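A quick write-up on the structure given underneath.
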Amino acid sequence: MANVFTKIQRKVNQGDFYILPHCYDALDDDSFLQQDAIGAVLNPDNYFEFTEDDTHVRYCFEGFASDDRMIGVIVFIDQGIVIFKTAYEM
């Protein structure tokens, strides 16, 4: 059985994801592209469970952007859809 990280990657690869407006703002603030965030999830250098609270577990994927800077991407799953919460330069 695939672990949660593989399930997230499969959903993103199939286009079953949504990027929150806050994540778009964060990407823009650091001059990253949407593809940089997606690429970090699909081809991470590192990934881990980020935190747990009353509503959902969040996962962090760390990888390289198209300009070779490190990007961190926080996602969670809501009703079977991968939600990109935020991204940041590492």
Side-chain angles (χ1 to χ4, degrees):
M1 178 178 224
N3 67 33
V4 68
F5 297 102
T6 303
K7 289 178 185 178
I8 289 170
Q9 290 172 318
R10 187 173 341 135
K11 286 184 171 293
V12 170
N13 198 37
Q14 294 170 342
D16 197 11
F17 65 90
Y18 177 75
I19 300 176
L20 292 175
H22 171 76
C23 187
Y24 279 116
D25 290 343
L27 289 167
D28 190 48
D29 287 347
D30 288 333
S31 299
F32 285 124
L33 305 172
Q34 174 182 323
Q35 275 309 116
D36 293 329
I38 293 169
V41 171
L42 294 179
N43 189 26
D45 194 48
N46 188 30
Y47 52 88
F48 54 93
E49 187 175 300
F50 185 64
T51 187
E52 186 173 355
D53 60 27
D54 292 338
T55 58
H56 56 267
V57 177
R58 288 170 268 186
Y59 304 92
C60 181
F61 289 82
E62 300 172 342
F64 289 95
S66 55
D67 62 3
D68 292 327
R69 290 181 294 152
M70 288 292 293
I71 182 173
V73 180
I74 306 298
V75 303
F76 63 94
I77 301 172
D78 185 31
Q79 298 180 13
I81 298 172
V82 175
I83 307 296
F84 283 66
K85 183 174 180 126
T86 194
Y88 53 91
E89 184 172 3
M90 299 182 58

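From a predicted model like this one, the values you see are computed outputs, not experimental measurements. Positions are given from 1 along the sequence.
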Item checked: Distance, nearest 0.5 Å, that separates CE of Met90 from SG of Cys60 -> 6.5 Å
Next item on the list: Using salt bridge (Lys or Arg N to Asp or Glu O under 4.0 Å) as the criterion, list what pairs up with Lys11, not counting sequence neighbours.
Entry: Asp16
Item checked: Pairs involving residues 37-47, ordered by first then second residue, that meet salt bridge (Lys or Arg N to Asp or Glu O under 4.0 Å) (sequence neighbours left out) -> none
Note to self: Checking Asp29 now: which residues fulfil side chain to side chain contact (heavy atoms under 4.5 Å, CB included) with it, not counting sequence neighbours?
What the structure shows: none
Note to self: Tell me which pairs pass ring-ring contact (aromatic ring centres under 6.0 Å, His included) where either residue lies in residues 71-90, with sequence neighbours left out.
What the structure shows: Phe17-Phe84, His56-Phe76
Next item on the list: Might you point out which heavy atoms bring Ala87 and Ala26 nearest each other, and give the distance in Å?
Entry: O-CB, 3.2 Å
Using a 3.5 Å cut-off and no angle test, enumerate the donor-acceptor pairs between side-chain atoms of residues 31-43 and protein atoms at least two apart in sequence or in another chain.
residue: Gln34; atom: OE1; partner: Tyr24; partner atom: OH; Å: 3.1
residue: Asp36; atom: OD1; partner: Ser66; partner atom: N; Å: 2.8
residue: Asp36; atom: OD1; partner: Ser66; partner atom: OG; Å: 3.0
residue: Asp36; atom: OD2; partner: Leu33; partner atom: N; Å: 2.8

Next item on the list: Could I get the full list of salt bridge (Lys or Arg N to Asp or Glu O under 4.0 Å) partners for Glu89, not counting sequence neighbours?
Entry: Arg69
Check: Measuring from Thr86:OG1 to Leu27:CG, what's the distance to the nearest 0.5 Å?
Finding: 7.5 Å
Item checked: Those residues that, when tested against Asp25, pass side chain to side chain contact (heavy atoms under 4.5 Å, CB included) (two or more places apart) -> none
Margin query: Just verifying a value: how many Å separate Ile83 CD1 and Ile74 CD1, rounded to the nearest 0.5 Å?
Written below: 14.0 Å
Notebook entry, point to check: Out of curiosity, does Val4 fall in the hydrophobic cluster containing Val57 (side-chain heavy atoms, cut-off under 4.5 Å, transitive links)?
Noted result: yes
Margin query: Once ring pair (Phe, Tyr, Trp, His ring centres under 6.0 Å) is applied, do any residues pair with Phe5, and if so which ones, sequence neighbours excluded?
Written below: Tyr47, Tyr59, Phe61
Check: For Ile71 and Ala65, which heavy atoms make the closest approach, and how far apart are they?
Finding: CG2-N, 4.1 Å
Margin query: If the condition is side-chain hydrogen bond (donor to acceptor under 3.5 Å, both in side chains), which residues does Asp78 pass it with, not counting sequence neighbours?
Written below: none
